[in-house]
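This is a predicted model, so every value here is computed, not measured.
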Amino acid sequence: MCGIVGFTGRQSAAPVLLEGLKKLEYRGYDSAGIACEQKGTISVSKVSGRIANLCEKTENGRLVPGCSGIGHTRWATHGAPTDINAHPHVSNDGRFSVVHNGIIENYMELRKELTARGYQFQSETDTEVIVHLIEMYYKGNLKDAVMKATSRLEGSYALGIMCSDCPGTLFAVREASPLILGIGVGENFFASDVTALVAYTRNAIYLDDGEFAELTADDMTVFDCTGTPIHKPVSRITWSIEAAEKGGYEHFMLKEIMEQPRAVKSAIAPRIQDDRVHLDDFEFTADELRDIRKIVITACGSAYYAGCAGRYAIEKLCRIPVTVELASELRYNDPQIDEHTLLIVLSQSGETADTIAAMRECQARGAKSLAIVNVVGSTIAKLADHTMYTWAGPEIAVATTKGYTTQLTVLYLFALYAAEKLDLISSESYHKLIDALETLPKMMQQVLDMNPALPKMAKKYNSKGSVFYIGRNTDYAVALEGALKMKEISYIHAEAYAAGELKHGTIALIDEGQPVIALCCNEQIAEKTMNNIIEVKARGAKVLAVARKGNRAILSHADDVIYIPKVEPLFSAAVEIVPLQLLAYYVAKDNGCDIDKPKNLAKSVTVE
Ligand code: G6P
C-alpha cells in the first residue's frame, strides 16, 4: 500500500530516492520521507502530501546528505497522514531508521511491551515498533538485530533498514509484500516495484517471502530466513524507461488508454500461432479440462469486473459453470471449492492482499489455480499453479485501463483454448473467433480514432448528482466497469444497473435531465435495452448510448450516440469499455481532478 526504495553507492542518495519515489507514488501518496546517512549520522526529512512537497522541503534532496539512504511514500493505514506518521521512523537513540510497506498485525502488543521497557513512541503507526525492536536487539551486529526483530513480527512487510554504525549498508527484508533488489555498478538498490529501478539498472533479484538482503555499494548478499546466504537468479527487466513515463500525454491514464491496442496485441500475438491458440503457460490436457466441474474467478476492483465480462465467453464456449467472486468476500465465505474447481485469479499488480488471501483459501481446498497477472514475478504469479501474463507493460495510473482490457483478452484466449480442447467448438467457429480476437487491437484503435466528440460529450453528461449506466449481459458487465471509472477519477456518483432491473426500483430515481449511459452493443439484446432507453427518456433522462456501427434505430431514441466498430459480440466488452474510459477521463479533467492519483485510492492494495 506504500512504496519503499533504497540506494547505496557513490553519488548523493537523496535525488535517486526522490526519483524512485516519484515512480512509486501510485502506491500511496499522502506523505513521504527519506533518510540518508553521512559519516555515521542519519538525517531524516518527511512531510505530509505528495513527493513534490518532499522535493521542495529538501531542495531536491540537497538538504539530506549522504550516499546511502531509504525512502517511503505512504498510503495511511495506522494513523493520519501527518509529518510525524510519515516514514522513515527513527529509533530513540537515533541510530536506526526504517521504512515499511505492509501491516504489522501484532503491533499493539509489541507497542505495549516496548513502552514498558522505556521506548518512546513518536507516531501512531504500526511500523514504529520495528525500529524500536531493532534498537532493543542490537548488540553490535545489525544482521542479528534485524533477524531477531523480524522474528517478532506478524503480518506483512517489506522493510528498508539502515544503521548509523554501518555506513553505506542497507538491509531489505521481505515477508508478504513485494520487494525487488536492483544490481548496479558500484551501486545497489531496492524498491517495491521495478518502475523505480529501470532508470538505473536492468538487473534485478526478486526476493521471496522470508528472505532478506544486505546491500553495500559493491556487494549484495541474500539470506534465507535462517540467515544463511543463498544464491538467487538475476532477472533482466525488459520494461523500458519510456514505458514507465508519460510520453507526451498529460496523464498516465490517457497514455494507458491510448496504449490499449498495443497492449492487447502483446497479450494475443504470442499466443496465436498457425491460426490456433497456444498457451505455453497453461498446459492442460483435454482430460484435465474435463475434470473441471466449475470455474471460480476471483479478483478485486476492475479486475473483478473483467471477470464479470469474461465469464460470458467462458460459459458460452466451454459450457462450464462460472461464478465471479469478490476476493474480499470469497475468502470468508466457506466456499464450495474442491479439486474439481479451476480458480482463475485476475490481478494487474499480482499483490492485492484480499486476492492473495482468497487464492490461498481456495488452494487449501484443493482448487487448481490459473493466475492472469501483469506484473512479472509478483506474489500471485508465484503462488499460482499456472500463470498467464497479460503483457500490458507498466500501468501507473491508479485507475486501471489497459490492465482491465488485457485481463479480459486473456480470458477470451483461455475460453477459446479450452473450448477447442474440450471439442465443443466447430472448426469454422473456432477460426472465425480467432480472426475476431486478432482484430481486437484494430477495433480498439478505431474507437480511439472514431470519437473526437467525446470531450464534448463529457461536458454534456458531467453531472453534479449521479450518472446511471445501463446494459444487459456483456453490456451490463461493461456498465459496471464504466461506472467504476467515473466514480474513481471524477468522484461523481455513478451506478451500473442491469437494464432489465430498472423497472424494479431504480427507475424511481430518473428525473428531468438525469444522465444515463446506455450500452447497446450486444446485438442479440440491444433492442431490449433500447426499450429501456425509451422508458427513461419518457421520464426526462438525457441518454448517451454506446452502440455498434450500423445501428441507426438508436439515433431516434438516444440524445447522443457513440459508435464502436462491428466487433464480434462475444468479445465486444474489450472494445466498448474504451469510450467509457475516455468519458470518465474527460469528465474528471473538466472537474479539475487529480486523474492519475485519485483521492483516497491506491493502485496496489496490499492490506486487507
Ligand atoms: C485497487 C485499484 C483498482 C484495481 C484493484 C485490484 O483498488 O485502485 O484499480 O482494480 O486494486 O488491483 P489488482 O492489481 O489486483 O488488479
Verify salt bridge (Lys or Arg N to Asp or Glu O under 4.0 Å) between Asp30 and Lys599, making sure each step is shown before the conclusion.
CA-CA 9 Å; Asp30 56 40; Lys599 68 176 183 210; over 6 Å; no
Using a strict cut-off of less than 4.0 Å between a Lys/Arg side-chain nitrogen and an Asp/Glu carboxylate oxygen, indicate whether Glu420 and Arg276 qualify as a salt bridge.
yes
So, do His251 and Tyr585 sit near enough that their side-chain heavy atoms are less than 4.5 Å apart?
yes
Would you check if there is a donor-acceptor pair between the side chains of Asn374 and Thr390 at a distance under 3.5 Å?
yes
Are Tyr304 and Ser302 close enough, and set up right, to give a side-chain contact (heavy atoms from CB on, under 4.5 Å), and what steps lead you there?
CA-CA 5 Å; Tyr304 167 73; Ser302 292; over 6 Å; no
Tested for side chain to side chain contact (heavy atoms under 4.5 Å, CB included) against Ile595, the lone hit among Glu250, Glu488, Met253 is Met253
For the residue pair Asp590 and Asn462, confirm or rule out a side-chain donor-acceptor distance under 3.5 Å.
no
Polar side-chain atom of Asn101 near backbone of Ile4 as donor-acceptor pair, under 3.5 Å:
no
Compute whether any side-chain donor of one residue and acceptor of the other, for Ser192 and Arg174, lie under 3.5 angstrom apart.
no
Would you check if the side chain of Lys542 reaches a backbone N or O of Lys460 as a donor-acceptor pair within less than 3.5 Å?
yes
Going from OH on Tyr249 to CG on Asp596, what distance comes out if it is rounded to the nearest 0.5 angstrom?
13.5 Å
Can you confirm whether or not the ring centre of Tyr417 sits under 6.0 Å from the ring centre of His278?
no
May I ask you to check whether Tyr461 and Asp560 show a side-chain donor-acceptor distance below 3.5 Å?
yes
Hey, are the side chains of Thr474 and Leu570 touching, using non-hydrogen atoms and a 4.5 Å cut-off?
no
Hey, can you tell me if Trp391 and Tyr389 have their rings parallel, tilted or perpendicular (30° and 60° cut-offs)?
tilted
Which pair of non-hydrogen atoms, one from Thr529 and one from Cys520, has the smallest distance, and what is that distance?
CG2-SG, 3.8 Å
Min side-chain heavy-atom separation Leu448-Met258 under 4.5 Å
yes
Worked check of salt bridge (Lys or Arg N to Asp or Glu O under 4.0 Å) between Lys597 and Asp594
CA-CA 6 Å; Lys597 300 185 193 91; Asp594 191 346; 5.4 Å; no
Can you check whether Leu416 reaches Tyr430 side chain to side chain, under 4.5 Å on heavy atoms?
yes
Enclosure of Lys442 NZ (heavy-atom neighbours >12, cutoff 6.0 Å)
no
Treating Gln260 as the side-chain partner and Ile257 as the backbone partner, does any N or O pair qualify as donor plus acceptor under 3.5 Å?
yes
Going by distance alone, is a donor N or O of one side chain under 3.5 Å from an acceptor N or O of the other, for Thr401 and Gln581?
no
Exceeds 12 heavy-atom contacts within 6.0 angstrom, atom NZ of Lys566
no
Spell out, as yes or no, whether a donor-acceptor pair under 3.5 Å connects the side chain of Ser266 to the backbone of Arg262.
yes
What I want to check is whether the side chains of Thr406 and Thr409 have a donor and an acceptor closer together than 3.5 Å.
no
Does any part of the side chain of Asn551, heavy atoms only, come nearer than 4.5 Å to the side chain of Met530, both counted from C-beta?
yes
Asp385 vs Ser369, test: side-chain hydrogen bond (donor to acceptor under 3.5 Å, both in side chains). Steps then yes/no.
CA-CA 5 Å; Asp385 300 319; Ser369 54; 3.3 Å; yes
Walk me through whether Arg331 and Asp354 qualify under salt bridge (Lys or Arg N to Asp or Glu O under 4.0 Å).
CA-CA 8 Å; Arg331 62 185 289 194; Asp354 283 323; 2.8 Å; yes
Derivation and outcome, salt bridge (Lys or Arg N to Asp or Glu O under 4.0 Å), residues Glu315 and Arg319:
CA-CA 5 Å; Glu315 281 198 324; Arg319 313 310 301 163; over 6 Å; no
Steps toward side-chain contact (heavy atoms from CB on, under 4.5 Å) verdict (Ser349, Val373)
CA-CA 7 Å; Ser349 63; Val373 171; over 6 Å; no
Let me see the working for Val345 and Leu370 under side-chain contact (heavy atoms from CB on, under 4.5 Å), right down to the final yes or no.
CA-CA 6 Å; Val345 183; Leu370 164 64; over 6 Å; no
Could you check whether Glu495 pairs with Lys487 (Lys NZ or Arg NE/NH1/NH2 to Asp/Glu carboxylate O, under 4.0 Å)?
no
Ile564 and Met443, any side-chain heavy atoms less than 4.5 Å apart:
no
Would you check if there is a donor-acceptor pair between the side chains of Glu428 and Ser426 at a distance under 3.5 Å?
no
Considering only heavy atoms from C-beta outward, does the side chain of Thr298 approach that of Ile344 to under 4.5 Å?
no
Using a distance-only test with no angle check, is there a side-chain donor-acceptor pair under 3.5 angstrom linking Asp449 and Gln445?
yes
Quick one: do Lys432 and Asp435 make a salt bridge, cutoff under 4.0 Å?
no
May I have all residue pairs that pass ring pair (Phe, Tyr, Trp, His ring centres under 6.0 Å) and include part of residues 307-363, sequence neighbours excluded?
none
Can you name the nearest heavy-atom pair linking Ala545 to Ile554, along with the distance?
CB-CD1, 3.6 Å
Asp209 bridged to Lys382 by N-O distance under 4.0 Å:
no
Under a 4.0 Å N-O cut-off, is there an ion pair linking Lys402 with Glu259?
yes
Residues Thr73 and Glu25: side-chain donor-acceptor under 3.5 angstrom
no
Does a side chain donor of either Asn532 or Arg472 reach within less than 3.5 Å of an acceptor in the other side chain?
yes
Any donor-acceptor pair under 3.5 Å linking the side chain of Glu527 with the backbone of Gln524?
no
Report yes or no: does Lys485 contribute a side-chain atom to a donor-acceptor pair with the main-chain N or O of Ala399 at less than 3.5 Å?
no
Test log, rule side-chain hydrogen bond (donor to acceptor under 3.5 Å, both in side chains), inputs Asn473 and Asn522:
CA-CA 8 Å; Asn473 195 268; Asn522 191 323; 3.0 Å; yes
Working note: Gln514 + Leu509, criterion side-chain contact (heavy atoms from CB on, under 4.5 Å); need CA distance, chi angles, decisive distance, verdict.
CA-CA 8 Å; Gln514 170 65 55; Leu509 297 169; 5.8 Å; no
Under a 3.5 Å distance rule, please check whether Ser572 uses its side chain to pair with a backbone N or O of Cys521 as donor and acceptor.
no
Step through it carefully: locate the ring centre of Phe414, locate the ring centre of Tyr412, and say whether they are under 6.0 Å apart.
no
Tell me, do Leu583 and Ile517 make a side-chain contact under 4.5 Å, heavy atoms counted?
yes
Sub-3.5 Å donor-acceptor pair from the side chain of Arg548 to the main-chain atoms of Val567, do we have one?
yes
Would Glu351 and Ser378 count as having a side-chain donor-acceptor pair, cut-off 3.5 Å?
no
Has Glu395 got a side-chain atom pairing as donor or acceptor with Gln348's backbone, closer than 3.5 angstrom?
no
Between Arg293 and Asp338, does at least one N-O distance fall below 4.0 Å, as a salt bridge requires?
no
Give a yes or no on whether the backbone of Glu288 and the side-chain of Thr285 come within a donor-acceptor separation of less than 3.5 Å.
yes
